[in-house]
Student: 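Below are the structure tokens for one structure; questions will follow.
Since the structure is predicted, the reported quantities are computational estimates derived from the model, not experimental observations. Quick note: numbers below take in every heavy atom, side chains included, and nothing from hydrogens, waters or symmetry partners. Labels below follow one simple rule: chain letters A, B, ... track the order of the sequence lines, proteins then strands, and each chain is numbered from 1.
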Amino acid sequence: MRVTAQKKKETRRRIVECARKLFGDKGFEQTTTRDIAETAGIAAGTMFNYFPTKEALAMTLICEALDEAGTEFDSRLRGDETVDEALFAHVAVGLRHLAPHRNYVGEVLETALSPFAREAVCEQAQQLRVGHLETVGELIALRGPATSRVPGTMTMHLYWTLYLGVLSFWAADESPNREDTLVVLDQSMRLFAGSLSSESKNGEEDHDVVDVTRDR
Amino acid sequence: MSSTSPEIAELIDALPAEAKEPEASSSPLEDLLQRLSHKPVPTGRFNRLWVLGTLQAKIAAAYLAWWLRGGYASADKRERTLNETHLKAALKLLGGMSYLRGAIMKVGQIIATHPDVVPEQFVEVLGHLHFEAPPMHYSLLREFVRAELGADPEEVFDEFETTAFAAASLGQVHRARLKGSGQRVAVKIQYPNISRTIRADFANMMAFLTPMRLSSDWGNMKDQFKDVRHMLDLETDYEHEAENLRIARSAFTEDEGIVVPRVFPEVSTRRVLTMEYVDGLHLDKFLATEPPQELRNRFGEKIILAVFRLYYAKGLVYADPQPGNYLFMPDGRLGAIDFGCCHRQTAEDITCCRDVERTWFDSPDLLREAIVRGSDLTPKQAADETRMKLIMDWCAWIREPVDCEGPFDFSDMDYFRRGVVLYGELLRRRYTRSRPANTWFTKSAYGMRAMLVRLKARVDMAAIFRRESTYSFTRGE
């Protein structure tokens, strides 16, 4: 029997929603792919046709949250933000949308987005990284120092490292309303914006066009 | 605090190396301030992390350095050099503490209430500290407000100005309008994480300064820092301030012309304080309008009335009557806008203070005994003639305007100078610390007089005192 595209889409959605609920209730570690398949009413083997790993499924949830965040971020930009403020807002809105996934996001991102990773763990992680860095590149192009509008690979690597540092801090932040994360994020983005200024001043860094798809 | 004014060269020299403006060291003070105030805020990297990058913070740091140096002025050369090294290291560390700017500015504000200790120009600059702190950008503020109030500022309020119109030492203030009523409000928003960071920064600062403890003044320095820290602790709790505002607001009738802003608790939290917007000039700008003596006197009366009324009727010691906390309104009313630094007297505080005051006026011969009782002095302390003489002199100084028949002239610099010396000695010898309430009371009495001196007011303090001191204690009613 041929499975229609519509049917496939519905099954995929069902899997994603079941995973969202189980990760939220039991945590990422405690949830097995079998649990998800059972809850979604499909065979475990069928599920692998949709999501090859549990990480890929989690990354799908995270990507969805960050897509919504991206839309909110675009609608909130005033246009007069400095580059560090715009970068701050971009990450801050994302963190807010990631909040329902906070109890497992750390474990997933650690493996999926690690700056040490030579290869993308899954397609979703790769898309997330590319999409995020493209937005960062656009923000720098519009708001960064005139001579640093096309940031080099090292600059973007520095950004990515700071971003993951902020994510890991946020995942473990116990301060009221996670206000410490706001401070860490603010200082990280200022540090990064400062590196753009020094890059343009010293001309020390390579100015290759950043290849955000290099891990693909 | 020494009573000798530092030379400008000494101040510049006391700055940490990064904050120095060497080309200005030989220029006259005014030129220096003029030049620095026109300098744009540096835009290089770490600009806002290097918090001493602002003119005000630099000057406050210079004073702090000068003040700390006073503590080991009499040490031998080797010890002085050692202390210099530690001081430099400490100041460098200070520069890296992004949120200690609150503490540094607080030190600046305290110094600003010593018009005779520092040159007038510096007093003016330091007086501005309250309003010119480097701002949080709007995106940070929006996330913070959203977490506190559950929605973005532009959703919570009908209108919200994205640029702060004033910077509090521990946050910043934005103009807004309430939804529905359209009421103009001032929304004070605290820097995220500030209270815990300040506590940690202070611990680091003390660790850095510890090698200097050999100096005889170490205990005093430590106490002064402790006081500043305690004040900052209180000031980071906006719910505490909101309650103080509520108590204070109930103390005045409309025709008394003292405005304490109303708090809107539905849009306030421990770290966001929304209150009625009060329009007026701060002391410097008011003085720049060259107000007539009569107007100075009227405002002077209101400053005294406010402090006395809160103290006698509401049990509140307005411990920080400094320029940043008052607004001179165009219609002649006085706005008292900051109640972060208020001490609520306990029943015991009140019993002790009333005992001393009653004795002071009814049986002055027994004042010494009353002070010993009221200050909880040990027999050894009570037998210390230097201590007792200084405290009695201080009491006499406090009382002088109250004993004056008719208006007392606060432009009399001789009166104020004597007070500065006494206050400096009291702090230096830590004689104010016998009971915690005494520290607050001393600050309040001194701060109020410092304000009146800057205002050059002539006021019948005795009449206000007689009227106000008859109030019974009805705190919070």
Side-chain angles (χ1 to χ4, degrees), chain A residues 69 72-73 75-99 139 143-146 148 155 158 166 169-170 173-202 204, chain B residues 41-51 53 96-102 134-155 160-164 170-172 189-201 236-239 269-272:
Chain A
E72 187 191 321
F73 169 69
S75 70
R76 283 156 66 106
L77 270 183
R78 304 184 311 275
D80 62 351
E81 294 90 348
T82 54
V83 68
D84 54 330
E85 182 182 348
L87 291 169
F88 172 94
H90 180 226
V91 178
V93 173
L95 291 179
R96 201 150 30 71
H97 282 261
L98 283 177
L139 293 174
R143 295 174 168 79
S148 279
T155 304
L158 171 64
V166 170
F169 186 91
W170 168 80
D173 186 0
E174 295 300 328
S175 65
N177 291 334
R178 293 191 275 281
E179 61 176 0
D180 286 2
T181 298
L182 294 181
V183 177
V184 167
L185 172 60
D186 186 37
Q187 298 200 352
S188 301
M189 293 304 119
R190 284 173 180 187
L191 181 77
F192 176 69
S195 80
L196 291 175
S197 308
S198 78
E199 185 188 350
S200 66
K201 209 181 291 171
N202 303 331
E204 283 170 0
Chain B
V41 175
T43 51
R45 68 176 150 172
F46 303 131
N47 58 325
R48 276 172 283 186
L49 291 182
W50 175 247
V51 288
M97 295 172 176
S98 54
Y99 285 101
L100 199 59
R101 63 182 165 205
M136 286 184 257
H137 57 67
Y138 185 64
S139 298
L140 170 57
L141 182 132
R142 181 155 61 179
E143 290 298 327
F144 187 67
V145 169
R146 192 183 171 104
E148 287 289 314
L149 298 179
D152 288 354
E154 55 266 41
E155 288 161 12
F160 189 90
E161 288 183 12
T162 54
T163 309
L170 306 170
Q172 59 193 45
I189 299 156
Q190 203 170 96
Y191 297 128
N193 183 33
I194 191 159
S195 56
R196 281 172 301 121
T197 313
I198 281 176
R199 224 164 287 147
D201 283 354
T236 50
D237 183 355
Y238 287 173
E239 276 168 2
T269 67
R270 202 158 183 249
R271 288 170 300 176
V272 175

Student: Once you round to the nearest 0.5 Å, how far does CG of A:Asp84 lie from OG of B:Ser139?
Tutor: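 Between atom CG of A:Asp84 and atom OG of B:Ser139 there are 9.5 Å.
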Student: From A:Met189 CE over to B:His137 NE2, what is the distance, rounded to the nearest 0.5 angstrom?
Tutor: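 A:Met189 CE to B:His137 NE2: 10.0 Å, rounded to 0.5 Å.
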Student: Can you tell me how far the CG atom of A:Asp80 sits from the OG1 atom of B:Thr163, to the nearest 0.5 Å?
Tutor: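 Atom-to-atom, A:Asp80:CG and B:Thr163:OG1 are 8.0 Å apart.
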Student: Tell me the closest heavy-atom pair linking B:Arg271 and A:Pro176, and the distance in Å.
Tutor: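 What the structure gives for the nearest pair is NH2-CB, 3.7 Å.
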Student: Pick one of side chain, backbone, both or neither for A:Arg78, based on which atoms fall under 4.5 Å of a heavy atom in chain B.
Tutor: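 Just the side chain, heavy atoms under 4.5 Å.
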Student: Do A:Arg76 and B:Glu143 pass the salt bridge (Lys or Arg N to Asp or Glu O under 4.0 Å) test, and can you show the C-alpha distance, the side-chain angles, and the key distance before you say yes or no?
Tutor: CA-CA 12 Å; A:Arg76 283 156 66 106; B:Glu143 290 298 327; 3.5 Å; yes
Student: Tell me, side chain or backbone of B:Glu154 under 4.5 Å from chain A's heavy atoms, or both, or neither?
Tutor: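 Contact with chain A: none, neither part.
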